[in-house]
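Side chains are part of it too, since the values below use all heavy atoms of this structure and drop only hydrogens, waters and symmetry mates.
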Amino acid sequence: MKNKEDEIIEVALQLFSVKGYTATSVDEIAKESGIAKASFYKFFQSKEDVLVATVMMHGRKIDDAIRIMYSDTQLASEQKIAEFVRIYLQNSLDTKFHTMMMSMHDKSLFHSEKLIEAFLIVEFKLSKWTTDCLVDIYGEQVEPFAYDVIFMIRGMMMQYLILPMMGLKPNTTDEEFAALLGNTIDIWIKGMIKYDYVPIWDWKQLKVDPEHIKESPVFKGIIIHDALLDLKRLLHHLQVSDEQKEDYRQVLHELEQEILSTHQRKGMLKAMFSFLSQESSLVEKCNLLQSVLDI
């Protein structure tokens, strides 16, 4: 269930994308959120603070979707880039985040330290997520030119989002475009590796703090993915009756579905981990998953 602060952010994002940031008032945001103007200031100090919050929410939604994607034990490696592109596009289209950014005419906002910091955090995360994804698929040999690939990916995605706003409609669905871009990226990278491509951008100039790596949804997703596979293997060799094994198998299946859900129920997850942890050989992996999922 959404809290009131998230509801206000989503209302503001919709208003900003339709009317523009400058033309949207706090009164309108409060009214559309079903609260009094005075109540608005219990959550945010200013309209600018709401704008900063919309940027951060955009990043969080992509973060959650990527973590779920990487937790999926059924997703093949070659499908991950296309799915990554689809997630970014779907989130942008659903929230109309790109429309809001195009409608911002108040240039003074770009001198706001809070807004700049929010943008940089999200941009850093997007680059880090993409790099993690590329390295996971192609290995460390892709690292030297990862930012060149990101440069091309982001350029194509932005054009795909912006051109329809100018009246040019695509001949493909979003899913078809994501698959096409995924295949194109694969061709780019294999060509770069084969022909000793010289990078435009020096990826080593980006300072990466270890905590960012641990917080990466790709990193978390890989841990979840591996832990779920380990639990399945451990369950297969469990020395219990067939009936008990089937109970464990059913709970593990439901656990995986709950982890992959966009609306996780922590109470349900705790109950399933508690049930699985009755078997001592499963405790270590259950604890690891609970730690990653912050349960």
message: Quick one, Val50 and Leu13 - any side-chain contact, counting heavy atoms below 4.5 Å?
response: no
statement: Sorted by chain and number, sequence neighbours left out, salt bridge (charged side-chain N to carboxylate O under 4.0 Å, His left out) with Asp186 holds for Lys190
message: Within the structure provided, determine whether Gln79 and Phe84 are in side-chain contact (heavy-atom separation under 4.5 Å).
response: no
- prompt: Which value, rounded to the nearest 0.5 Å, describes the distance between Asp63 atom CG and Met57 atom CE?
  reply: 13.5 Å
task: Please collect all ring pair (Phe, Tyr, Trp, His ring centres under 6.0 Å) contacts where either partner lies in residues 224-249, sequence neighbours excluded, each pair once.
output: Tyr248-Phe275
query: Given side chains that start at C-beta, do those of Leu51 and Thr54 come closer than 4.5 Å, heavy atoms only?
result: yes
message: Test: salt bridge (charged side-chain N to carboxylate O under 4.0 Å, His left out). Region: residues 151-172. Which pairs qualify, not counting sequence neighbours?
response: Glu123-Arg154
statement: Sequence neighbours excluded, the answer for salt bridge (charged side-chain N to carboxylate O under 4.0 Å, His left out) partners of Glu176 is none
task: Could you tell me which non-hydrogen atom of Phe40 sits nearest to which non-hydrogen atom of Ser46, and how far apart they are?
output: CZ-O, 4.0 Å
message: Looking at every heavy atom in both Gly20 and Thr24, which two are closest together, and how far apart are they?
response: O-OG1, 2.8 Å
- line: Rounded to the nearest 0.5 angstrom, the OG-CG distance for Ser71 and Leu293 is 7.0 Å
query: Backbone N or O of Asp294 within a donor-acceptor pair of the Lys266 side chain at under 3.5 Å?
result: yes
- prompt: Are Ile68 and Val85 connected, step by step, through hydrophobic side chains (Ile, Leu, Val, Met, Phe, Trp, Tyr) whose heavy atoms are closer than 4.5 Å?
  reply: no
- prompt: Has the side chain of Asp148 got a donor or acceptor atom that lies under 3.5 Å from a matching backbone atom of Pro199?
  reply: no
- request: Determine whether Leu276 and Leu235 make a side-chain contact, defined as any pair of heavy atoms from C-beta on separated by less than 4.5 Å.
  value: no
message: Under the rule for side-chain hydrogen bond (donor to acceptor under 3.5 Å, both in side chains), what residues qualify as partners of Ser241, not counting sequence neighbours?
response: Gln244
task: Kindly give the heavy-atom pair with the smallest separation between Ile8 and Ser33, and that separation in Å.
output: CA-OG, 3.7 Å
task: Please round to the nearest 0.5 Å and tell me the distance separating atom CD1 of Ile224 and atom CG of Leu229.
output: 12.0 Å
message: Under the salt bridge (charged side-chain N to carboxylate O under 4.0 Å, His left out) definition, can you give me all pairs with a residue in residues 230-241, not counting sequence neighbours?
response: Asp230-Arg233, Asp230-Lys285, Lys232-Glu256
message: For Glu246, is the CD atom crowded, meaning more than 12 foreign heavy atoms sit under 6.0 Å from it?
response: yes
query: Is the count of non-hydrogen atoms from other residues, nucleotides or ligands lying under 6.0 Å from Met152 atom CE greater than 12?
result: yes
- prompt: Residues in salt bridge (charged side-chain N to carboxylate O under 4.0 Å, His left out) with Glu279, at least two apart?
  reply: none
- request: May I ask you to decide whether Glu28 forms a salt bridge with Lys31, counting only side-chain N to carboxylate O separations under 4.0 Å?
  value: no
field: Set of side-chain hydrogen bond (donor to acceptor under 3.5 Å, both in side chains) partners for Gln141, sequence neighbours left out
entry: none
query: Taking the side chain as C-beta and beyond, is there a heavy-atom pair between Tyr70 and Asp132 under 4.5 Å?
result: no
task: Working to the nearest 0.5 Å, report the span between CG of Leu15 and OG of Ser17.
output: 7.5 Å
field: Flag, side chain of Gln264 to backbone of Ile259, donor-acceptor distance under 3.5 Å
entry: yes
message: Quick check: closest heavy atoms across Ile9 and Phe44, and the distance to 0.1 Å?
response: CG1-CZ, 3.7 Å
- request: Check for a donor-acceptor pair, side chain of Lys245 on one end and backbone N or O of Leu238 on the other, with a separation under 3.5 Å.
  value: yes
- request: Report yes if the side chains of Val283 and Asn287 come closer than 4.5 Å at any heavy-atom pair, otherwise no.
  value: yes
query: Side chain of Glu83, backbone of Met69: donor and acceptor closer than 3.5 Å?
result: no
task: Check whether NZ of the Lys or CZ of the Arg Lys4 lies under 6.0 Å from the centre of the six-membered ring of Phe43 and within 45 degrees of that ring's axis.
output: no
- prompt: Do Leu75 and Ile137 sit in the same hydrophobic cluster, where Ile, Leu, Val, Met, Phe, Trp and Tyr count as joined when their side-chain heavy atoms come under 4.5 Å apart?
  reply: yes
field: Under the ring pair (Phe, Tyr, Trp, His ring centres under 6.0 Å) test, residues paired with Tyr41 that sit two or more places apart
entry: none
field: side-chain hydrogen bond (donor to acceptor under 3.5 Å, both in side chains) partners for Asp72, two or more places apart
entry: none
field: ring pair (Phe, Tyr, Trp, His ring centres under 6.0 Å) partners of Tyr160, counting only residues at least two apart
entry: Phe177
- prompt: Judged by modelled atom types alone, do Glu254 and Gln250 share a side-chain donor-acceptor pair under 3.5 Å?
  reply: yes
Greater than 12 external heavy atoms within 6.0 Å of Phe151's CZ: no
- request: Name all residues meeting the ring pair (Phe, Tyr, Trp, His ring centres under 6.0 Å) criterion together with Phe273; count only those two or more places apart in sequence or in a different chain, and write none if there are none.
  value: none
- request: May I ask whether Leu288 and Leu282 are part of the same hydrophobic cluster, defined by side-chain heavy atoms of I, L, V, M, F, W, Y residues being less than 4.5 angstrom apart, directly or through others?
  value: yes
task: State, to 0.1 Å, how close Ser281 and Leu234 come at their nearest heavy-atom pair, and which atoms those are.
output: O-CD1, 3.5 Å
message: If you count every heavy atom of other residues, nucleotides or ligands that lies below 6.0 Å from Gln257 atom CD, does the total exceed 12?
response: yes
field: Shared hydrophobic cluster, Ile153 / Ile193 (ILVMFWY, side-chain heavy atoms < 4.5 Å)
entry: yes
task: Give the cluster check for Trp188 versus Leu180: same hydrophobic cluster or not, with ILVMFWY residues linked at side-chain heavy-atom distances below 4.5 Å.
output: no
task: Could you tell me whether Glu175 and Arg86 have a side-chain N and a carboxylate O separated by less than 4.0 Å?
output: no
query: Which atoms form the tightest heavy-atom contact between Ile81 and Cys133, and what is the distance?
result: CD1-SG, 3.8 Å
query: So, does Gln159 use its side chain to make a donor-acceptor pair with the main chain of Met156 at under 3.5 Å?
result: no
